[in-house]
Amino acid sequence: MTTTTPLTRAQVTAWRNALFGVFALCGIGLSGWAARIPAVSDGLELGTADVGVLLFGVAVGSIVGLLASSHAVARFGAQTVMRWSLVVMPIGIAIAGIGVTTFASFAITVAGLFLFGGSMGLCDVAMNVSGAANERALGRTVMPVYHAFFSFGTMAGAGIGWLAERADLPLSIHLGIVAVGILVAGQVAIGFLRPEGHDDTDATPEAAGWRERLAIWKDPRTLLIGVIVLGMAFAEGSANDWLAYAMVEGHGELRETGALVLGVFLTAMTAGRLAGVRALDRFGRVPVLRVSSVLAVVGLLMLIAVPVTWIAIVGVVFWGLGAALGFPVGMSAAADDPRTAAARVSAVATIGYVAFLVGPPVIGFLGEQFGILNGLILVLVLVGVAGLVTPAAREP
């Protein structure tokens, strides 16, 4: 689909601001759930490995959504994909909450998480493709700021989760409130996105058939960028899924402390994304990603190896700063060529989301056998591998 009428500066700015809102709402949904995982574990009487299997529902849904995303964006446009994703997503969150509190049903909870994950996968690709197109329209680096708003959302979601824990609010009520907020605010934000007549791919090749879109998987650069995103998604996603739990089970802290430490991680990651715009413009993608991987490795070592809470929290700060830029920089690198943006972003995001597919159950299994802190060593290894292949993200 081609652009027919030039966008005004006001339209481009409104588009950018609406995307800030979409990214933030996705973050609220994710961490609003993640902050209550200890409560879910207690409510369903789950062990560490069982929690990993439960989170597998989100991961499987996400992979399904990601695999369908490039075709959905090409067929319907990013705006429409985001609109419907922000309807299904809150429905999934609400079902998960009801599954735990009302029915105490593992199956219903997993079904809700599957819907939540699938809509997140679709929305993830659509909003990153739209964000890359907006970045080009603005003529400057913006992608880390979009992801900073995702982090703002996760901070808000974690804060709401902490308040819900403090108030002993039933999970179904807490997640129901979150779901209604996402549904209403999401539809308002969508109205300010780029008009459908200006599709987010900016070039005709994206309208090609599914075989042409799948051919992007044969490009070695696609795979290497995917490895970067995989390692950094593992760093980010494992914190969302396991950090609160690790502080409770690994460091012996209270559940509300676990939620607060997750908030510390998310705050550090947000700060890293905001500061990263200037660092990327000054030093370039590759040096910034190398430093990021070192920070994440050091932070994880501090959390895993040092049985002192305040040192572990400092490590969480390093971990958050190190995990900040991998995913957004990977998305920008994948979208460098607007002709293949949707297909490459979908492929890279799918590789990255393998972290969410295999991460929860594998870390849960390792945590069951060796302790949750030792289970996080897997994250450290994958971040190190991501650091080694950072040249794939170089600027064109």
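Counting non-hydrogen atoms of other residues, nucleotides and ligands closer than 6.0 Å to OH of Y245 gives a total above 12. The number of heavy atoms from other shown groups lying within 6.0 Å of CZ (F192) does not exceed 12.
Looking at Q79, its side chain does come within 3.5 Å of a backbone N or O of I190 through a donor-acceptor pair. Of the possible polar contacts, one joining the T267 side chain to the G263 backbone as a donor-acceptor pair under 3.5 Å is found. One N or O on the side chain of S62 and one on the backbone of G117 form a donor-acceptor pair closer than 3.5 Å. At distances below 3.5 Å, at least one donor-acceptor pair connects side-chain atoms of S41 with backbone N or O atoms of L46. Although no hydrogens or angles enter the test, the distance criterion places a donor-acceptor pair under 3.5 Å between the side chain of T390 and the main chain of G387. No donor-acceptor pair closer than 3.5 Å links the side chain of D124 to the backbone N or O of M120. Distance alone, capped at 3.5 Å, is enough to place a donor-acceptor pair between the R221 side chain and the A392 backbone. Not one N or O on the side chain of S31 forms a donor-acceptor pair closer than 3.5 Å with the backbone of A34. Side-chain N or O atoms of R273 include none that pairs as donor or acceptor with a backbone N or O of V145 at under 3.5 Å. The main-chain N or O of G47 is found under 3.5 Å from a side-chain atom of D50 such that the two form a donor-acceptor pair.
Each of V64 and I95 belongs to its own hydrophobic cluster when Ile, Leu, Val, Met, Phe, Trp and Tyr are linked at side-chain heavy-atom distances under 4.5 angstrom. Side-chain heavy atoms closer than 4.5 Å link hydrophobic residues (I, L, V, M, F, W, Y) into clusters, and following such links, even through other members, never connects I228 to L66. The cluster map of Ile, Leu, Val, Met, Phe, Trp and Tyr, joined by side-chain heavy atoms under 4.5 Å apart, puts V188 and L183 in different clusters. No chain of hydrophobic side-chain contacts below 4.5 Å, direct or via other Ile, Leu, Val, Met, Phe, Trp or Tyr residues, connects V329 to L138. Linking ILVMFWY residues whenever their side-chain heavy atoms come closer than 4.5 Å, directly or via other members, places L380 and V316 in the same cluster.
Shortest non-hydrogen contact noted between A246 and I372 is CA-CG2, 3.9 Å. Closest approach of G161 and A35 over heavy atoms only: CA-CB, 4.1 Å. Nearest heavy atoms, R290 versus P391: NH2-CG, 3.7 Å. Considering all non-hydrogen atoms of both residues, P328 and H147 come closest at CB-CD2, 3.3 Å. Scanning both residues, G276 and L325, for their nearest heavy atoms gives CA-CD1, 3.8 Å. When every heavy atom of A189 is checked against every heavy atom of V22, the shortest pair comes out as CB-CG2, 4.3 Å.
S119 and W84 are not linked by any side-chain donor-acceptor pair at a separation below 3.5 angstrom, with hydrogens and angles left out of the test.
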message = Quick one, H251 with L303, criterion side chain to side chain contact (heavy atoms under 4.5 Å, CB included). Give me CA distance, side-chain angles, the key distance, then yes/no.
response = CA-CA 9 Å; H251 283 278; L303 174 71; 3.8 Å; yes
request  = Assess whether side chain to side chain contact (heavy atoms under 4.5 Å, CB included) is satisfied between I363 and V379, documenting all intermediate values.
outcome  = CA-CA 9 Å; I363 292 176; V379 184; 3.8 Å; yes
request  = Could you walk me through whether V51 and V40 pass the side chain to side chain contact (heavy atoms under 4.5 Å, CB included) test, one step at a time?
outcome  = CA-CA 8 Å; V51 173; V40 173; over 6 Å; no
request  = Check the pair E236, F150 against side chain to side chain contact (heavy atoms under 4.5 Å, CB included), reporting the backbone distance first and the verdict last.
outcome  = CA-CA 12 Å; E236 180 177 349; F150 178 86; 3.6 Å; yes
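The shortest side-chain heavy-atom distance between P90 and V178 does not fall under the 4.5 Å cut-off. Under the 4.5 Å side-chain criterion, counting only non-hydrogen atoms from C-beta, V58 is not in contact with F114. Taking the side chain as every heavy atom from C-beta outward, L30 and F116 approach each other to under 4.5 Å. Counting heavy atoms from C-beta on, the side chains of D219 and R344 come closer than 4.5 Å. Residues V81 and C123 form no side-chain contact, since every pair of their non-hydrogen atoms from C-beta on lies 4.5 Å or further apart.
Expressed to the nearest 0.5 Å, how far CG of L175 lies from CD1 of I160 amounts to 10.5 Å. In this structure, L19 CG and M127 CE are separated by 9.0 Å, a value rounded to the nearest 0.5 Å. One finds the CE atom of M89 at 9.5 Å from the CG atom of L122 (value rounded to the nearest 0.5 Å). Rounding to the nearest 0.5 Å places CG of L230 at 10.5 Å from CZ of F327. Here the CZ-CE distance, from F23 to M82, works out to 8.5 Å after rounding to the nearest 0.5 Å. Taking OG1 from T309 and CD1 from I313, the interatomic distance works out to 6.0 Å, rounded to the nearest 0.5 Å.
In this structure, the side chain to side chain donor-acceptor pair (under 3.5 Å) partners of E165, at least two apart in sequence or on a different chain, are R36, R255. With sequence neighbours excluded, the residues forming a ring pair (Phe, Tyr, Trp, His ring centres under 6.0 Å) with F20 are Y146, F149, listed by chain and number.
Within the 6.0 Å centre-distance limit, the rings of W319 and F265 are counted as a close aromatic pair.
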